[in-house]
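Please read the structure below before turning to the comments.
In this text, all values refer to a predicted model and were calculated from it rather than measured experimentally.
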Amino acid sequence: MIRRFFDRYRIKEFFDSRVRVSWRRNRAYASSGMFLSILYGMFLGYSRPYHMKVLCKDKVFQRIVGFSSFPDQSTISRFLFSMKVAIAREISFLNYDFLMKFRRRYRGYRSIILDLDSHVMPVYGRQQRAGIGYNPKKNGRRSYHPLFCFIGQTRDCIGGMLRSGKHHSSYNAVKFLKGVLNRLPSHIGKIMLRADSGFFSHEMINFLIKQGIEFYMVMPMQGWVQTKIKHIRKWHSTYGGISTGECGYVFTRDITLRMVVIREKVTKNKTIKKQLKLLDTDNTRYNYQVILTNGNKEAIDVWKFYNQRARCENFIKEGIYSFGMDKVVSHSWAGNSVWFELLMFAYNLGNIFKEVALNQKNRKNMFHTIREMLFLIPG
């Protein structure tokens, strides 16, 4: 099924025509064949070149996909080490063009929801441009800290940026978002954006307002934010111990944004998410979330709309657990950039594969579940 899917959408021809590796000549494996081999390995669940060695000896697999042989780990490693950053950019454009062709440039979509997120990728070695920064799982370890942008309606990854781990989530986020917006088709009239507190910055908010983008962004629980919450006197109860309130955030002399505050009563069998010195002084304790927005939705609808962004975490989990998005496979920055772009292309191909091959449009299985259905259970 995967071979037929790759043949139907002419993946090898896409690489032949769009990605030119001019310095590799008279090699046993053409560049397009190397890229296609790596994609097959990712689709079959092998997240590192070393794990793909099983395909070197699997003649049944090679015959099914039409390969005379499969490159071993050292061949893939040398191939990645020889890469240049320009090749990563070409794969990024290929990914976008393929997405636009399949989605018919999102014809019929009058509005688009963009979900911004970032992820920490720890490294184990001296990889180029890896740095020490925010790393919740491996504190103090060098890492990369890429950015991602997903289309909320279709789960497509429309863009990504690999960065050093020493940078905060908001570093170069505006530059990254500008590139994403420039790629969007011109017929899309309304753009809505959801982002977590890592992207909260004056530069980002100012850019979103100037671009006319309706945004929903979580605010970090700093002291001044807690002080504003403490002065809210009017709370609207909804359900399940959840209530909402509002206050204003004076951004400039002429612009005041809405701070929608959601508080959830902490019961005995629940733990408080974060100790807030200014707010948790009474006997009744709450978990708080503050969403900054320039939209006109009711407070409870703001909360519900933002919570749909939780699926974005599942998109990244799909990339991690199904395609190895958290793996760093080369010591070269250019090689890791190429691998990163191939991962995002594999993620989008997997998302499309679910729709056209398995007829999963609204409710989609994780790809490791699909592998069990296609390979492990029949095997």
Side-chain angles (χ1 to χ4, degrees), residues 1-15 17-19 32 35-47 87-107 109 112-119 146-162 176 179-185 188 311-327 337-371:
M1 289 183 72
I2 294 173
R3 178 192 61 80
R4 285 158 52 197
F5 173 73
F6 281 4
D7 288 347
R8 176 180 175 180
Y9 290 100
R10 305 167 64 86
I11 303 302
K12 187 175 185 299
E13 286 79 0
F14 252 87
F15 279 110
S17 61
R18 299 298 305 275
V19 183
S32 58
F35 290 130
L36 192 64
S37 298
I38 293 171
L39 283 179
Y40 268 118
M42 291 175 176
F43 256 66
L44 294 175
Y46 301 112
S47 57
I87 300 299
R89 287 196 291 267
E90 289 181 5
I91 298 174
S92 174
F93 292 138
L94 179 151
N95 185 8
Y96 172 78
D97 290 342
F98 179 83
L99 202 57
M100 289 296 113
K101 183 178 180 181
F102 177 79
R103 298 293 182 195
R104 298 181 180 179
R105 298 187 61 80
Y106 294 95
R107 192 180 304 163
Y109 286 80
I112 283 286
I113 301 171
L114 300 180
D115 288 325
L116 284 183
D117 209 343
S118 63
H119 177 67
L147 290 175
F148 300 95
C149 184
F150 297 92
I151 302 291
Q153 295 99 320
T154 61
R155 308 185 183 187
D156 299 325
C157 183
I158 199 169
M161 176 190 284
L162 190 65
F176 169 65
V180 171
L181 295 176
N182 289 336
R183 291 181 170 190
L184 289 177
I188 296 174
R311 294 181 300 175
C312 184
E313 304 292 340
N314 292 332
F315 305 160
I316 293 181
K317 286 180 183 177
E318 172 81 294
I320 293 171
Y321 298 126
S322 299
F323 297 102
M325 196 176 281
D326 59 337
K327 302 295 190 295
S337 298
V338 167
W339 186 267
F340 176 73
E341 296 294 344
L342 285 172
L343 280 170
M344 289 194 293
F345 189 37
Y347 167 85
N348 282 334
L349 287 174
N351 189 38
I352 294 169
F353 179 82
K354 296 173 190 177
E355 296 181 19
V356 300
L358 305 178
N359 199 29
Q360 297 181 1
K361 298 189 186 290
N362 297 322
R363 189 181 182 89
K364 300 180 180 180
N365 292 120
M366 296 288 277
F367 214 81
H368 58 77
T369 304
I370 291 171
R371 291 191 192 107

Exercise for the section: Take R3 and Y40 through the side chain to side chain contact (heavy atoms under 4.5 Å, CB included) test and state the conclusion after the steps. Expected result: CA-CA 9 Å; R3 178 192 61 80; Y40 268 118; 3.5 Å; yes
Completion exercise
Those residues at least two apart in sequence (or on a different chain) that pass ring pair (Phe, Tyr, Trp, His ring centres under 6.0 Å) with F5 are Y9, F353
Practice task
Using ring pair (Phe, Tyr, Trp, His ring centres under 6.0 Å) as the criterion, list what pairs up with F15, not counting sequence neighbours.
Solution key: F35, F345
To the nearest 0.5 Å, how far apart are [atom1] in [X] and [atom2] in [Y]?
X: I158; Y: S92; atom1: CD1; atom2: OG; answer: 10.0 Å
X: I316; Y: D117; atom1: CD1; atom2: CG; answer: 4.0 Å
X: N348; Y: F98; atom1: CG; atom2: CZ; answer: 8.5 Å
X: I87; Y: L94; atom1: CD1; atom2: CG; answer: 11.5 Å
X: D7; Y: I2; atom1: CG; atom2: CD1; answer: 12.0 Å
X: L99; Y: R104; atom1: CG; atom2: CZ; answer: 14.0 Å

Looking at every non-hydrogen atom in both residues, tell me the closest pair between [X] and [Y] and how far apart they are.
X: M1; Y: L358; answer: CE-CD2, 3.9 Å
X: R371; Y: L44; answer: NE-C, 3.4 Å
X: L343; Y: M325; answer: CD1-CA, 3.6 Å
X: F176; Y: M161; answer: CB-CE, 3.7 Å
X: V19; Y: I91; answer: CG2-CG1, 4.1 Å
X: S47; Y: G324; answer: CB-CA, 3.7 Å

Problem - Set of side-chain hydrogen bond (donor to acceptor under 3.5 Å, both in side chains) partners for S118, sequence neighbours left out - result: H145, S169
Exercise for the section: For S32, enumerate each residue passing the side-chain hydrogen bond (donor to acceptor under 3.5 Å, both in side chains) test, keeping only those at least two apart in sequence or located in another chain. Expected result: K12, D16
Exercise for the section: Fit a plane to each ring of F367 and F43, take the angle between them on a 0 to 90° scale, and name the class: parallel (under 30°), tilted (30 to 60°) or perpendicular (over 60°). Expected result: perpendicular
Applying side-chain contact (heavy atoms from CB on, under 4.5 Å), can you list everything that pairs with [X], at least two apart in sequence or on another chain?
X: R10; answer: E13
X: M344; answer: N95, F148, C157, F340, E341
X: T154; answer: R103, Y106, Y109, I151, D156
X: T369; answer: N365, M366

Using the test salt bridge (charged side-chain N to carboxylate O under 4.0 Å, His left out), find all partners of [X] that sit at least two apart in sequence or belong to another chain.
X: E318; result: K354
X: R89; result: none
X: R18; result: D97

Handout entry: Close side-chain approach of L147 to L116, heavy-atom, < 4.5 Å
Key = no
Problem - Any donor-acceptor pair under 3.5 Å from S322 side chain to G319 backbone - result: no
Problem - Any pair counted as salt bridge (charged side-chain N to carboxylate O under 4.0 Å, His left out), so long as it reaches residues 356-370, sequence neighbours left out - result: E355-K364
